[in-house]
Number of protein chains: 2
Amino acid sequence: MDTTIICPRFEKAMSMLSQRWTGLVIYQLLTGPKRFCTLESSMGISGRVLSERLKDLETQGIVKREVYPETPVRIEYSLTDKGLALEPLMKEIEKWSQDWIEVEEKSESEQ
Amino acid sequence: MDTTIICPRFEKAMSMLSQRWTGLVIYQLLTGPKRFCTLESSMGISGRVLSERLKDLETQGIVKREVYPETPVRIEYSLTDKGLALEPLMKEIEKWSQDWIEVEEKSESEQ
DNA sequence: TATAATTACTTACATAAAGTAACTAACTAA
DNA sequence: TTAGTTAGTTACTTTATGTAAGTAATTATA
């Protein structure tokens, strides 16, 4: 059979990136550290899933979480080196999307 | 509020790529046209979802489907130009995964 | 002639993942 | 005392995916 063996590293990276929201969270963090509520409202992700994703990304060493004991408490999420290393990849998605994706705009009547 | 507006093209591309299996299907097709059963068995995706993904990718103009009326019938899936344009992105995922992903190998005892 | 095999799916049903909305904890401000 | 803020968590619903069997068209085999 013509079965290609897929590199397990690639497969692991891909399964990480193909979880819903993961890519967008990283993309947002490329512009600097962000708070929970900022991420939540800027991408329309639910708090439940955002919390889950940030935990996963922290476990994988892609995101770090820092607590500033102000009032009210400020918690910032930012990218580690491993996370920052995803920038070229994100740039490629930007490029491809600009070259190939069309945005169908809604006409006023169907809004 | 410090809400970044995300480019709708980028968001569309990302939501496509962050569907389970989509990336791997494209990756497999970068090595040449493939049949349904080959994709199915080489990546461990279920037939139900593979069928769904191939239809979506065809609709989006990323994959094309060609029928060869042999016996038994041969149907080949391959990338369009839009799909082939994803190669640099896939290369970046490969690079990143090689630099940053560790594969934990199972010791014989815990197999 | 009947049975099995092949490919490319589809269908019905079960489980897992994600969305929704309300709730908690710790604190401050009115 | 009530309300507001941030960063979550919890219980419940909806959606997505997995599983396994079924279909249709054709050929090969017993």
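Below, chains carry the letters A, B, ... as their sequence lines are ordered, and counting in each starts from 1.
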S.K.: Report the distance from atom CD of B/Glu92 to atom CD of B/Glu87, rounding to the nearest 0.5 Å.
M.R.: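 So the gap between those two atoms works out to 12.0 Å.
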S.K.: Is it true that A/Leu54 and A/Val67 fall in one hydrophobic cluster, defined by side-chain heavy atoms closer than 4.5 Å?
M.R.: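 As far as the 4.5 Å side-chain criterion goes, A/Val67 and A/Leu54 are connected within one cluster.
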S.K.: Please determine whether the number of non-hydrogen atoms from other residues, nucleotides or ligands lying under 6.0 Å from atom CD of B/Glu102 exceeds 12.
M.R.: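 Not more than 12 within 6.0 Å, no.
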S.K.: Does B/Trp21 make a side-chain N or O approach to OP1 or OP2 of D/dG18 shorter than 4.0 Å?
M.R.: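 Yes, because at least one side-chain N or O of B/Trp21 sits under 4.0 Å from OP1 or OP2 of D/dG18.
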S.K.: Can you find a heavy atom in the side chain of B/Val63 that is under 4.5 Å from one in the side chain of B/Asp56?
M.R.: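 Answer no - side chains too far apart.
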S.K.: Distance check: side-chain N/O of A/Tyr77 vs OP1/OP2 of D/dT6, anything under 4.0 Å?
M.R.: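 Answer no for this pair, as no side-chain N or O of A/Tyr77 is under 4.0 Å from OP1 or OP2.
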S.K.: With a 4.0 Å limit, can you tell me whether A/Lys55 has a side-chain N or O closer than that to the phosphate oxygens OP1/OP2 of D/dT9?
M.R.: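 Indeed, a polar side-chain atom of A/Lys55 lies that close.
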S.K.: Separation of B/Glu40 atom CD from D/dG18 atom P, in whole Å?
M.R.: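 So the CD-P distance, B/Glu40 to D/dG18, works out to 12 Å.
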S.K.: Classify the side chain of A/Arg48 and the base of C/dA18 as holding, or not holding, a donor-acceptor pair under 3.5 Å.
M.R.: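 Yes.
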S.K.: Starting from C1' on D/dA16, measure out to CZ on A/Arg20 and report it in whole angstrom.
M.R.: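 In whole Å, D/dA16 C1' and A/Arg20 CZ are 9 Å from each other.
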S.K.: Should A/Glu11 and A/Arg9 count as an ion pair when the cut-off is N to O under 4.0 Å?
M.R.: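 Here A/Glu11 does not pair with A/Arg9 in a salt bridge, since their nearest N and O are not under 4.0 Å apart.
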S.K.: When you get a sec, tell me which of C/dA18, C/dA8, C/dC9 is the closest nucleotide to the side chain of A/Val49?
M.R.: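 Shortest atom-to-atom distance from the side chain points to C/dA18.
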S.K.: Atom CE of A/Met43 to atom C1' of C/dG19: distance rounded to whole Å?
M.R.: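 My rounded result for the distance is 14 Å.
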S.K.: Select base, sugar-phosphate, or nothing to describe what B/Tyr68 touches, counting heavy atoms under 4.0 Å on all strands.
M.R.: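 Nothing: the residue B/Tyr68, judged by heavy atoms under 4.0 Å, touches no strand.
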S.K.: On DNA chain C, nearest-nucleotide positions of B/Ser51 versus B/Arg35: which is more 5'?
M.R.: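 Per heavy-atom nearest nucleotide, the more 5' residue is B/Arg35.
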S.K.: Between B/Phe10 and A/Tyr27, how do the two ring planes meet: parallel, tilted or perpendicular, split at 30° and 60°?
M.R.: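 Ring orientation, 0 to 90° scale: parallel.
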S.K.: Atom CG of B/Leu39 and atom P of C/dT7: how far apart are they, to the nearest Å?
M.R.: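 The answer, rounded to whole Å, is 13 Å.
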S.K.: Rounding to an integer number of Å, can you tell me how far B/Lys34 NZ sits from C/dT7 C1'?
M.R.: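 Result: 17 Å.
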S.K.: Using side-chain contact (heavy atoms from CB on, under 4.5 Å) as the criterion, point out the one residue from B/Lys64, B/Arg65, B/Glu66, B/Lys34 that pairs with B/Tyr77.
M.R.: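 Per the side-chain contact (heavy atoms from CB on, under 4.5 Å) rule, the option paired with B/Tyr77 is B/Arg65, out of B/Lys64, B/Arg65, B/Glu66, B/Lys34.
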S.K.: In whole angstroms, how far is the C1' atom of C/dA8 from the CG atom of B/Leu54?
M.R.: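 Distance check: B/Leu54 CG to C/dA8 C1' gives 11 Å.
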S.K.: Rounded to whole angstroms, how far apart are CZ on A/Arg53 and C1' on C/dG19?
M.R.: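 So the two atoms are 12 Å apart, to the nearest Å.
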S.K.: Given axes from five pairs at either end, by how many degrees does the helix from C/dT1-D/dA30 to C/dA30-D/dT1 bend, rounded to 10°?
M.R.: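 Rounded to the nearest 10 degrees, the bend comes out at 30°.
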S.K.: Would you classify A/Glu52 as touching base, sugar-phosphate or nothing, given that sugar-phosphate means primed atoms plus P, OP1 and OP2, and contacts are heavy atoms under 4.0 Å?
M.R.: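 Result for A/Glu52 = sugar-phosphate.
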S.K.: What I want to find out is whether B/Lys55 reaches B/Glu52 closely enough, with some N-O distance under 4.0 Å, to be called a salt bridge.
M.R.: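 No, this pair does not count.
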S.K.: If I take atom CD1 in residue A/Ile45 and atom P in nucleotide C/dA18, what distance separates them, rounded to the nearest angstrom?
M.R.: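 It works out to 9 Å between those atoms.
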S.K.: Return the nearest nucleotide to the side chain of A/Ile75; candidates are D/dA7, D/dT6, C/dC9.
M.R.: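 Of D/dA7, D/dT6, C/dC9, D/dA7 is nearest to the side chain of A/Ile75.
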S.K.: With a non-hydrogen cut-off below 4.0 angstrom, is A/Thr71 in contact with a base, only sugar-phosphate, or nothing?
M.R.: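 Sugar-phosphate, backbone atoms only, no base.
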